[in-house]
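First comes the structure, then the notes that go with it.
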Amino acid sequence: MNKINNKPLWLLLASAVALGVTGCSGDDGKDGQDGAPGTPGNPGEDGKPGTSGLHIDMAAEAVAQISGASYADGIITVDFDLANRQGVGLFGLSGENPDHDFRFSLAQLELEESGELKQWMSLLNETTNDDGTTFEQGFEKLKDCPECLVDHGDGTYTYTFTTDLSSYEDAAGIVFDADLTQRIAIEMQFEYASGHELAENAHYDWIPSTNAQEGIETRDLVAMETCYTCHQPDSLKAHGGRRLDMENCQSCHNGVVTDPNGVSVELGHMIHAIHMGPNRKGMENGVEVDMPYTVQGYHGPHAFDYPAFPTKPFMDCAVCHVANEELADGELWMANANGNACIGCHTASPVQHGTFEVPDGMTCVSCHGAVDHTQAKAPYAAAKDYSVEVSNVAINAENLLTFDVKVLDDQGNTVTEDEIYKQGYSNPYMVVSWDVEKDYPAQEITSDDGTTTVGTTYDHRRFSLKGDGSTVYADGVFSVVTQKVKGTKTYVLDLPLDITTRTLEILPVLKVCFEPHSDVRTACTTEGAYPAYVQTDGYRTILGDPDATVDARRSIVDDGKCFGCHSMEFYHDSNGVNCISCHTNDKQLKTDSASGGLKSTSFMYKAHKAEGHDNGHGGSGTLLKTDCMTCHSANEGWGGLNYGFELGRNAGQAHALPEKIGDPAAATWYASSDTAACMSCHQKYLSDAAMAHIRGNGGYFGEVKDDAKAAQEACATCHSPEKVMAHHGHEL
């Protein structure tokens, strides 16, 4: 969208004062004393008026806005404003100041004559190889023509381009057309010796021949805010921090530009190829090979061969192409696909073709124009409306929990046993838990005689509808008893003596099979059958009070944000974001291949330390998850918002952590709740002084589990949600 042409706020306020506008009427008492004379402006030798506002080198930030442009005799003239966030104009921009890296780019929107396809094409292009066959967008740089800029002394400026577009011969052969939509883009990045930086983008779309801005052709397919679903804004400041806005990315990464080896860096192609990561494959000499997207950059070749798109189904285009009424071309990607974008995922030699060579002159859409990638998630969309019905919950004479299970489709029809998926790790589990409001059962083993294991770890609390001896199937009903066989051992669920007074949850975690790219259910033995998780709430009750209302676990994570980034399925067992039903706070430690020591397997630890969720200490460098609100929820509560990462809300818990990071022989120690929240990210970096501070304020980290539960932490007294966010460089 074009930025609105407004005068700076400070100028409007000054005008109001000059006109004698007042805020209220009535008798306001005696007139005050006359004010002291103002300081006169400091006109230069040429008699120009003095400056007003703030010198740009003193600004904490800069906001740019292009207010207008004109075209005459091949020359573009552009008017723009620079101000701080309070609207105070920033004067002093100068091409003679070595700190002021300020540039302008041009691009025009070209339309395909035979269809709806539209593509930005850059102007001012420069060659990038010795043969003059590859190009990148060029710029008009302020330092190359300081006299082209007029500083009006109040934060407003006028720049006159040096390029005569009526006679200009572009290196890439792009011919300027004043009747097409043109984009002027500003790109500024000031880096001072002090370390301070000013970076800003702005753009202006218009038709030079008519000066029209409204009702003109655009190409708005994806909003930058959608990228922020997974990425942090700071992590998308490309090219050293100078590229910030989607519109500037589109201007540069267009249909003309490539790397010096001819690899396309057009935005659609590049984004699709990068996000394919290690899944990008092609055919080479008749053999399927890995073809990670590899670009020749300024520092050599870079291959995007690491995990890059954490979604399943993988072709869920709607993760990025989110329906948005404000996007003028939001559905263009479905109506008329860009073949270059197809190759971004499938490569020029897609594995689906085998040894078949695509004839010259044909593009992907020549044959595949009717392909609908949105159908990739059709099985998930269907399964989301399925349900699991739990009934006849009771405790038998052997003190085992028993219950019946039905799996139903969206019409209430019974899903048969052969339509429920089981393969490898993916069992159709029913996970039994209690103490939902206390972050689920403590992980404790009560006995182990070598053949029979009794306890409450998640191994003892999950029962497969197929194949572990816990279930009998008849006429669409699975009858479950909480005792199962695993290898030579029989696992028995050891219920608490007071289970009838505790909250009880039976969570279904299962998949139903569908025909590929379809909502039609099929037997899982069918070739190509695609399994999708049923998204249904767990059954919750209090056995001794069937009429009681049992709430879900306290609000921690915003499920919608998780699905927004990961699409319909996470790592495994994806019935909502109920990971903690298995990954409890005190779940046993496991070997950490990265450090060689041990690591926690609790949900909190896994969520904070998952690849891409890391806070920057050895993380991806792209997903900087230091903004708690990226994942956490904020609900209305007494006195205002209750934040999912608010400290002090989970007293009485013990979190299992290794005594030392990187030590395979480390003992299992336990941390109190707030302490564990910090240590889940920072344990490796905590100094003795920091740990002393934690313990001095009631936190516990040591060998005794009950002491962790009994800790009286005072962290929330100082570390409010606002301050927690500020510590990580963000604001609420």
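Position 1 is the first residue of the sequence; numbering continues from there. Both backbone and side-chain heavy atoms feed into the values below; hydrogens, waters and symmetry mates do not.
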Scan residues 412-446 for pairs that pass ring pair (Phe, Tyr, Trp, His ring centres under 6.0 Å), counting only residues two or more places apart or in two chains. Tyr425-His572
Please, which pairs that meet ring pair (Phe, Tyr, Trp, His ring centres under 6.0 Å) have at least one residue in residues 483-515, sequence neighbours excluded? Tyr386-Phe514, His460-Tyr491
State, without any angle test, whether Thr675 and Ser672 hold a side-chain donor-acceptor pair at a distance under 3.5 Å. yes
Would you please test Lys422 and Glu417 for salt bridge (charged side-chain N to carboxylate O under 4.0 Å, His left out) and show each step? CA-CA 10 Å; Lys422 180 186 186 302; Glu417 184 179 26; over 6 Å; no
Across all chains, not counting sequence neighbours, the side chain to side chain donor-acceptor pair (under 3.5 Å) partners of Thr471 are none
More than 12 heavy atoms of other residues, nucleotides or ligands under 6.0 Å from NZ of Lys561: yes or no? yes
Quick one: side-chain hydrogen bond (donor to acceptor under 3.5 Å, both in side chains) pairs with a partner in residues 698-709, sequence neighbours left out? Asp586-Lys705
Who pairs with Lys486 by salt bridge (Lys or Arg N to Asp or Glu O under 4.0 Å), at least two apart in sequence or on another chain? Asp459
Partners of Arg554 by salt bridge (Lys or Arg N to Asp or Glu O under 4.0 Å), sequence neighbours excluded? Asp439
Identify, with sequence neighbours excluded, every residue that meets salt bridge (Lys or Arg N to Asp or Glu O under 4.0 Å) alongside Asp290. Lys281
Between Arg461 and Glu505, is the closest basic N to carboxylate O distance under 4.0 Å? no
Residues forming a side chain to side chain donor-acceptor pair (under 3.5 Å) with Glu419, sequence neighbours excluded: Thr416, Arg521
Classify the ring geometry between Phe478 and Tyr473 as parallel (under 30°), tilted (30 to 60°) or perpendicular (over 60°). tilted
If a pair satisfies ring pair (Phe, Tyr, Trp, His ring centres under 6.0 Å) and one of its residues is in residues 398-418, list it, with sequence neighbours excluded. none
In chain order, what residues pass the disulfide (SG to SG under 2.5 Å) check against Cys513, with sequence neighbours excluded? Cys524
Residues 405-499 vs disulfide (SG to SG under 2.5 Å), sequence neighbours excluded, gives none
Can you list, pair by pair, the side-chain donor-acceptor contacts under 3.5 Å of residues 313-323, counting residues two or more places apart and other chains?
residue: Asp316; atom: OD1; partner: Ala318; partner atom: N; Å: 3.3
residue: Asp316; atom: OD2; partner: Ser567; partner atom: OG; Å: 2.3

